[in-house]
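Protein chains get the first letters and strands the later ones, always in sequence-line order, with residue 1 at the start of each. All values reported here derive from a predicted model rather than from experimental measurement.
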There are 2 protein chains.
Amino acid sequence: MRMGEGVEWGLHCCLTLAWLGDEHPVPTARLAAWFDLPPAYLTKRLQALVRAGVLTSTPGAKGGFRLGRAPERITLMDVVAAIEGTEEAFRCTEIRQRTEGAAAAGGDFRHACGVATAMRRAELAWRRELAAQTVADLMAAAPAGAAERTRRHYARG
Amino acid sequence: MRMGEGVEWGLHCCLTLAWLGDEHPVPTARLAAWFDLPPAYLTKRLQALVRAGVLTSTPGAKGGFRLGRAPERITLMDVVAAIEGTEEAFRCTEIRQRTEGAAAAGGDFRHACGVATAMRRAELAWRRELAAQTVADLMAAAPAGAAERTRRHYARG
DNA sequence: GTGGCAGTACTCGGATAACCTTTGTCCGAGTCTAAACGG
DNA sequence: CCGTTTAGACTCGGACAAAGGTTATCCGAGTACTGCCAC
């Protein structure tokens, strides 16, 4: 099982945007250069965050991205869901119902598949943990100088 | 993020093998026909479970697979780890250290990346939940007739 | 000075290509069971 | 009747092909800011 690296990009970008405040929007090219990422592809990922309302984009000259709402109200779940989608990692294909002559034998399939519910329970715990953490928490956990260093770099122009 | 369907196959196969007991080993072709799955590919997945000790295989005529230990001692985490691997879904590529002139600016990277630890915490919750459930629990949760129906089918052949 | 106009910079969205992972197939080698065969 | 041989069935392991998803790039269209020009 693998999570795309877009999630890492998205989280770090949110963190950066949170530190910079939303006085001036930050263009994609700036963020891409800062993290050394492919600009065009990063744009695609940030656009996904815009669609989810996590970020807002302002077009035109001096445009760019800024946070869509306060860092305390952006959970990691929001970012992951926006970029990776809301589908569950485990997809039950109901192979129990494909068993030979299942219909004829009158199997009882009114109950949900036990395997699926077990996996879903685990995934729920994961989602709950993601929803419990916000971008503001990330800001608080970072070492003291990080925010300052970021701001200095972006102020330089 | 997506989990391979091999996990679903593996869990259902473990459940079936648990119901049948380990008097007679069950060949791959039998399981594949029962669930309507590609036999050769299913073998690959079951072999992964053998390597992890979840199943044991007996070669030769009348050979096949049986559980490697009691159903109470096989957790869902064991099956998932055997088939999907033990790598974490979120892989931190340390993009914070790629920031322009990070080394020169004397950034403090002794601490672990906050984004990575946050994601890891969520994944830990997921793993803990998987480790808390066993194949025996799946057996108990299944509707009453399921075990019986499975045994009848395998006795016939 | 003020209003309109063109130019520039940027985002948006889709089309497209390269790459990697997953999915699926196939075959030879090794191994065990069971039946056939010979003494 | 008993030991040996042979055939069959199955697993094992790796090599290989196909499919789908992720990663990445590019370009045209739309939009907002900026500077220029005319009045």
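Here CZ of Phe65(B) is found 8.5 Å from CG of Leu31(B). Values are rounded to the nearest 0.5 Å. Going from atom CG of Leu55(B) over to atom CZ of Arg69(B) covers 9.5 Å, rounded to the nearest 0.5 Å.
In summary, Glu94(A) and Arg96(A) engage in a salt bridge, as defined by a charged side-chain N under 4.0 Å from a carboxylate O.
Trp9(A) has its ring centre less than 6.0 Å from the ring centre of Tyr41(A).
Comparing Met1(B) and Phe65(B) against DNA chain D, the residue whose closest nucleotide sits nearer the 5' end is Phe65(B). When each of Lys44(B) and Lys62(A) is assigned the nucleotide of DNA chain D bearing its nearest heavy atom, the one mapping closer to the 5' terminus is Lys44(B). Heavy-atom nearest nucleotides on DNA chain C were determined for Pro27(A) and for Pro59(B), and the one closer to the 5' end corresponds to Pro27(A).
Backbone-only engagement by Gly64(B) is indicated by non-hydrogen atom pairs under 4.0 Å involving sugar-phosphate atoms exclusively. Within the 4.0 angstrom heavy-atom criterion, only backbone atoms of the sugar-phosphate kind lie near Thr58(B); the bases stay farther away. Backbone-only engagement by Glu5(A) is indicated by non-hydrogen atom pairs under 4.0 Å involving sugar-phosphate atoms exclusively.
When the P atom of dA9(C) is taken as reference, atom CZ of Arg30(A) falls 16 Å away, rounded to whole Å. In this structure, the CE atom of Met3(B) is 11 Å from the P atom of dT23(C), given to the nearest Å. Atom-to-atom, OH of Tyr41(A) to C1' of dG13(C) comes out at 16 Å; the value is rounded to the nearest Å. Distance CZ (Arg51(A)) to C1' (dG13(C)): 9 Å, rounded to an integer number of Å. The CG atom of Leu46(B) sits 15 Å away from the C1' atom of dG13(D) (whole-angstrom rounding). Between the NE2 atom of His24(A) and the P atom of dC10(C) there is a distance of 15 Å, given to the nearest Å. Look at CZ on Arg91(B): it is 13 Å from P on dT22(D), rounded to the nearest Å. Distance Gln47(B) CD to dG24(C) P: 16 Å, rounded to the nearest Å.
Phosphate proximity of dT11(D) to Thr28(B): present, with a side-chain N or O under 4.0 Å from OP1 or OP2. Applying the 4.0 Å criterion to OP1 and OP2 of dT23(D), one finds that Arg45(A) has a side-chain N or O inside that range. Close to dT22(C), at under 4.0 Å from its OP1 or OP2, lies no side-chain N or O of Arg2(A).
In this structure, of dT25(D), dT21(C), dC26(C), it is dT25(D) that holds the atom nearest to the side chain of Pro38(A).
When only modelled atom types and interatomic distance are considered, Glu8(B) and Thr93(A) share a side-chain donor-acceptor pair under 3.5 Å.
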